[in-house]
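Sharing a structure here in structure tokens format.
Chain naming here is simple, since letters A, B, ... match the order of the sequence lines and numbering starts at 1 in each.
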There are 2 protein chains.
Amino acid sequence: MKGFLSFLVLWLISKKNMTGAEITEELEQRRGHRPSPGTIYPVLKYLTNKELLKVDENKKYSLTKKGEEELDMSLNQFFDTFCDVDEMRRHCHCHRK
Amino acid sequence: MKGFLSFLVLWLISKKNMTGAEITEELEQRRGHRPSPGTIYPVLKYLTNKELLKVDENKKYSLTKKGEEELDMSLNQFFDTFCDVDEMRRHCHCHRK
DNA sequence: AATTATTTATCGGATTTCCGATAGATTTAA
DNA sequence: TTAAATCTATCGGAAATCCGATAAATAATT
């Protein structure tokens, strides 16, 4: 529950506060398949319990201060791992049909 | 076994043919922790069985034609999911201490 | 050649991750 | 105000993921 999906959810919510349904929709757009309700709601609950997300009266999730810090750390980790992301993109684009 | 680790291994080997030990080393550099032998060798076996990798007499792994195609597809998927990777990086860097 | 160190490989199991089914809650439409 | 549709939430279980322990194979050192 603390894998790539959590990371992606934090990132998406950092860009725009969203409800569970909106997050589901956005994930489907990006990944090409829709996460099941049994996937996304437990993730949101987990992140809320960890106080990385908070939710308002309209069920819109937003990052807490702690969530922003966690996101920053995860982004750093991400770019450590994918330090050559520009090269990845070039490789990707030059092979595009 | 077909998750992010496989993707990363394919990418690393596409840049440079490596042995299991060298891949382990490179992953440790990037991620900050060393994958256990019980993790990395099954992944290499899995990718070899799927004919995405081949291995020479010195145990150096390299991509097969099929492996290159798989990598291309995975890279496309990656950049679909992280379509705003530049924004991610900016966000990341501007928060760096 | 014998010993030691390193690398490769397998195995069983612990944990994580994710899903489909189900149900309750909320919203929308009739 | 019902009825229908959508959203939210939980549950149990299936599958994926990863590890540590162990052992076999290979390489390096003495």
Side-chain angles (χ1 to χ4, degrees), chain A residues 1-13 16-63 70-71 73-74 77-78 80-82, chain B residues 1-13 16-63 67 70 73-74 77-78 80-82:
Chain A
M1 218 75 85
K2 52 195 109 173
F4 252 77
L5 186 55
S6 288
F7 169 61
L8 195 46
V9 165
L10 284 186
W11 170 242
L12 293 179
I13 294 177
K16 183 169 177 296
N17 297 350
M18 284 186 277
T19 64
E22 289 167 334
I23 294 164
T24 299
E25 175 66 21
E26 179 69 24
L27 287 171
E28 182 174 22
Q29 294 292 326
R30 291 186 177 229
R31 308 188 310 174
H33 70 275
R34 166 175 287 247
S36 131
T39 298
I40 196 65
Y41 290 105
V43 167
L44 291 171
K45 183 178 185 182
Y46 168 78
L47 293 172
T48 305
N49 284 344
K50 280 193 77 177
E51 297 180 347
L52 303 178
L53 293 182
K54 56 183 187 294
V55 56
D56 71 13
E57 66 276 7
N58 302 319
K59 300 283 181 186
K60 289 232 180 193
Y61 288 86
S62 57
L63 292 197
E70 178 71 24
L71 175 60
M73 292 199 309
S74 297
Q77 164 84 38
F78 180 87
D80 284 344
T81 301
F82 297 107
Chain B
M1 217 78 83
K2 51 195 108 169
F4 253 78
L5 187 55
S6 288
F7 169 61
L8 195 47
V9 165
L10 283 186
W11 169 243
L12 293 179
I13 294 178
K16 183 167 177 298
N17 297 351
M18 284 185 276
T19 64
E22 289 167 335
I23 293 164
T24 299
E25 175 65 21
E26 179 69 25
L27 287 170
E28 183 174 21
Q29 293 292 324
R30 288 185 179 230
R31 307 189 310 172
H33 69 276
R34 165 174 287 246
S36 131
T39 298
I40 196 64
Y41 289 106
V43 167
L44 291 172
K45 183 179 184 182
Y46 167 79
L47 294 171
T48 304
N49 284 344
K50 279 194 78 178
E51 296 181 347
L52 303 178
L53 293 182
K54 55 185 189 294
V55 56
D56 71 12
E57 65 278 5
N58 301 319
K59 300 283 184 185
K60 289 231 179 192
Y61 288 87
S62 58
L63 292 198
E70 178 70 24
M73 293 198 310
S74 297
Q77 164 84 41
F78 180 88
D80 283 345
T81 300
F82 297 106

Go through the structure and list residues passing salt bridge (Lys or Arg N to Asp or Glu O under 4.0 Å) with A:Glu22, not counting sequence neighbours.
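Partners of A:Glu22 under the salt bridge (Lys or Arg N to Asp or Glu O under 4.0 Å) test: A:Lys60.
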Given atom CD1 of A:Ile40 and atom P of C:dC19, what is their separation to the nearest angstrom?
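Roughly 9 Å, once rounded to whole Å.
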Check the distance between C:dA9's P and B:Ile23's CD1 and give it to me in whole angstrom.
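Interatomic distance, CD1 of B:Ile23 to P of C:dA9: 11 Å.
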Distance check needed: D:dA27 C1' versus B:Glu57 CD, whole Å only.
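Going from B:Glu57 (CD) to D:dA27 (C1'), I get 16 Å.
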Please report, rounded to the nearest Å, how far the P atom of C:dC18 is from the OH atom of A:Tyr46.
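From A:Tyr46 OH to C:dC18 P: 12 Å.
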Starting at atom CZ of A:Phe7, determine the distance to atom P of C:dC18, rounded to an integer number of angstrom.
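Atom CZ in A:Phe7 sits about 14 Å away from atom P in C:dC18.
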Which is it for B:Thr81 and B:Gln77 under the side chain to side chain contact (heavy atoms under 4.5 Å, CB included) test, yes or no, and what are the steps along the way?
CA-CA 6 Å; B:Thr81 300; B:Gln77 164 84 41; 3.4 Å; yes
Looking at residues at least two apart in the chain, or sitting in another chain, which of them share a side chain to side chain donor-acceptor pair (under 3.5 Å) with B:Glu51?
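Not a single residue meets the side chain to side chain donor-acceptor pair (under 3.5 Å) criterion with B:Glu51.
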In the 5'-to-3' direction, what one-character label does each nucleotide of nucleotides 8-14 of chain D receive under the scheme B = base within less than 4.0 Å of a protein heavy atom, S = sugar-phosphate only, - = no such atom?
BBBB---
Quick one: A:Leu47 CG to C:dC18 P, roughly how many Å, whole number?
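About 12 Å, once rounded to whole Å.
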Taking the inter-plane angle between the rings of B:Phe82 and A:Phe7 on a 0 to 90° scale, is it parallel (under 30°), tilted (30 to 60°) or perpendicular (over 60°)?
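Aromatic pair B:Phe82/A:Phe7 classed tilted.
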Going by heavy atoms in the side chains, are A:Leu52 and A:Leu63 under 4.5 Å from each other?
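They are not in side-chain contact.
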Gap between atoms NZ and C1', on A:Lys50 and C:dT16 respectively (whole Å)
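A:Lys50 atom NZ is separated from C:dT16 atom C1' by 13 Å.
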Would you say the side chain of B:Ile23 lies within less than 4.5 Å of the side chain of B:Leu44, judging by non-hydrogen atoms?
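Touching, per the 4.5 Å side-chain cut-off.
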Using atom CG of B:Asp56 as one end and atom P of C:dT8 as the other, report the distance to the nearest whole Å.
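From B:Asp56 CG to C:dT8 P: 11 Å.
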